[in-house]
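Side chains included, hydrogens not; waters and symmetry mates left out as well; all remaining heavy atoms used.
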Amino acid sequence: MRQWNRSLWLGFALVLCAPVNAEEIFVVVNANTSVDKLNRSQVINIFMGRSHFLGEESNVIPLDIRSDKQTKALFYEQLIKRSLSEVQSYWARLMFSGDATPPKQITSYTEIRKMLRDYKGAIAYLPASEFQPDLHDDLKVVYVLKEP
């Protein structure tokens, strides 16, 4: 009985310590946008309201998913190492001072892909499960986030 308890605890500990395979998150834009690649700093500046430029497009429209809190939280955690509540506090302060506008909140990934197709200055993040390059050839990946 004692050996069984040790084995059970050891197995439980190994499960807790095993790395979680995080899904890649793609930062995507309209395929006709002049930008082919962005670096981490540029993505941060766009999604945190510090930059309004995306290549030749001066009216960049960052898009946030409203309905998928898990992907949204993972995106900000991987990008800026902050929780979703910290990001929301950041935007509350900026909006109160009138210094910036947060990313546009979109209800579904279908809607996000449509906006990306319709507006050259739009930029969004999509989890790998919502983006298949061979099906979405009208969109272009400019940055990839993956947990180390």
Side-chain angles (χ1 to χ4, degrees), residues 9-148:
W9 282 111
L10 180 60
F12 184 68
L14 289 173
V15 167
L16 288 178
C17 295
V20 176
N21 224 359
E23 184 174 28
E24 284 183 323
I25 298 176
F26 299 104
V27 177
V28 296
V29 296
N30 182 301
N32 296 319
T33 302
S34 63
V35 171
D36 289 324
K37 258 183 152 179
L38 293 174
N39 62 39
R40 178 183 209 86
S41 180
Q42 291 169 309
V43 174
I44 290 170
N45 287 337
I46 289 170
F47 279 91
M48 300 310 287
R50 298 180 202 135
S51 176
H52 304 289
F53 297 95
L54 182 62
E56 297 168 0
E57 300 300 317
S58 60
N59 288 329
V60 65
I61 306 167
L63 308 173
D64 244 344
I65 186 71
R66 179 183 299 158
S67 60
D68 185 355
K69 298 274 190 221
Q70 185 177 359
T71 298
K72 186 175 184 173
L74 186 61
F75 173 74
Y76 285 107
E77 175 62 37
Q78 289 180 11
L79 185 65
I80 61 171
K81 309 297 185 229
R82 298 284 186 260
S83 70
L84 196 49
S85 62
E86 290 173 309
V87 171
Q88 291 166 337
S89 294
Y90 168 85
W91 281 112
R93 284 191 308 273
L94 282 182
M95 286 173 37
F96 181 75
S97 66
D99 288 339
T101 304
K104 187 170 179 60
Q105 301 297 304
I106 307 299
T107 308
S108 70
Y109 289 116
T110 301
E111 215 178 319
I112 284 177
R113 286 189 297 271
K114 181 182 180 339
M115 288 192 72
L116 286 166
R117 286 184 202 102
D118 292 346
Y119 302 102
K120 249 176 102 175
I123 183 170
Y125 54 90
L126 298 172
S129 60
E130 291 292 334
F131 179 72
Q132 294 136 8
D134 52 330
L135 295 178
H136 302 113
D137 60 353
D138 48 354
L139 303 178
K140 173 173 31 174
V141 175
V142 292
Y143 189 77
V144 179
L145 276 168
K146 182 162 173 131
E147 195 153 28

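A pairwise comparison of heavy atoms in L116 and A124 identifies CD2-N, 3.9 Å as the closest pair. The shortest non-hydrogen separation linking A122 to L63 is CB-CD1, 4.1 Å. Residues K81 and Q78 share a closest heavy-atom pair of NZ-O, 3.2 Å. Considering every non-hydrogen atom in both V29 and V35, the closest pair reads CG2-O, 4.5 Å.
In this structure, F75 CZ and L84 CG are separated by 11.5 Å, a value rounded to the nearest 0.5 Å. Separation of atoms CD1 (I106) and OG (S67) is listed at 10.0 Å; rounding is to 0.5 Å. Distance check, rounded to the nearest 0.5 Å: CD1 of I65 to CD1 of I112 gives 4.0 Å. With values rounded to the nearest 0.5 angstrom, T71 atom OG1 is found 11.0 Å from D64 atom CG. Taking NZ of K140 as the reference point, atom CD1 of I123 lies at 11.0 Å (rounded to 0.5 Å).
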Please report, to 0.1 Å, the donor-acceptor pairs under 3.5 Å made by any side chain of residues 41-48, with sequence neighbours excluded.
| from | atom 1 | to | atom 2 | distance (Å) |
| --- | --- | --- | --- | --- |
| Q42 | OE1 | N39 | N | 2.7 |
| N45 | OD1 | R50 | NH1 | 3.4 |
| N45 | ND2 | S41 | O | 3.3 |

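The side-chain hydrogen bond (donor to acceptor under 3.5 Å, both in side chains) check on R40 picks up Y143, with sequence neighbours excluded. For Y76, the ring pair (Phe, Tyr, Trp, His ring centres under 6.0 Å) criterion is met by no residue, not counting sequence neighbours. Qualifying salt bridge (Lys or Arg N to Asp or Glu O under 4.0 Å) partners for K104, counting only residues two or more places apart in sequence or in other chains: none. Annotation: side-chain hydrogen bond (donor to acceptor under 3.5 Å, both in side chains) contacts of K120 (sequence neighbours excluded): none. Here F131 pairs with F26, H136 under the ring pair (Phe, Tyr, Trp, His ring centres under 6.0 Å) rule; sequence neighbours left out.
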From CA spacing to verdict: side chain to side chain donor-acceptor pair (under 3.5 Å), T110, S108
CA-CA 5 Å; T110 301; S108 70; 4.6 Å; no
Verify side-chain contact (heavy atoms from CB on, under 4.5 Å) between K37 and V142, making sure each step is shown before the conclusion.
CA-CA 4 Å; K37 258 183 152 179; V142 292; 5.6 Å; no
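Crowding of N59 atom CG: a count of heavy atoms from other residues, nucleotides or ligands under 6.0 Å not exceeding 12.
Considering only heavy atoms from C-beta on, N30 stays 4.5 Å or farther from Y119 through its side chain. For the pair D68/Y109, a side-chain contact is recorded, criterion being any heavy-atom separation below 4.5 Å from C-beta on. Side-chain contact between L145 and L74: absent, with no pair of heavy atoms (C-beta onward) separated by less than 4.5 Å.
No side-chain donor-acceptor contact under 3.5 Å links R113 to the backbone of L126. The backbone N or O of S83 sits less than 3.5 Å from a side-chain atom of E86, completing a donor-acceptor pair.
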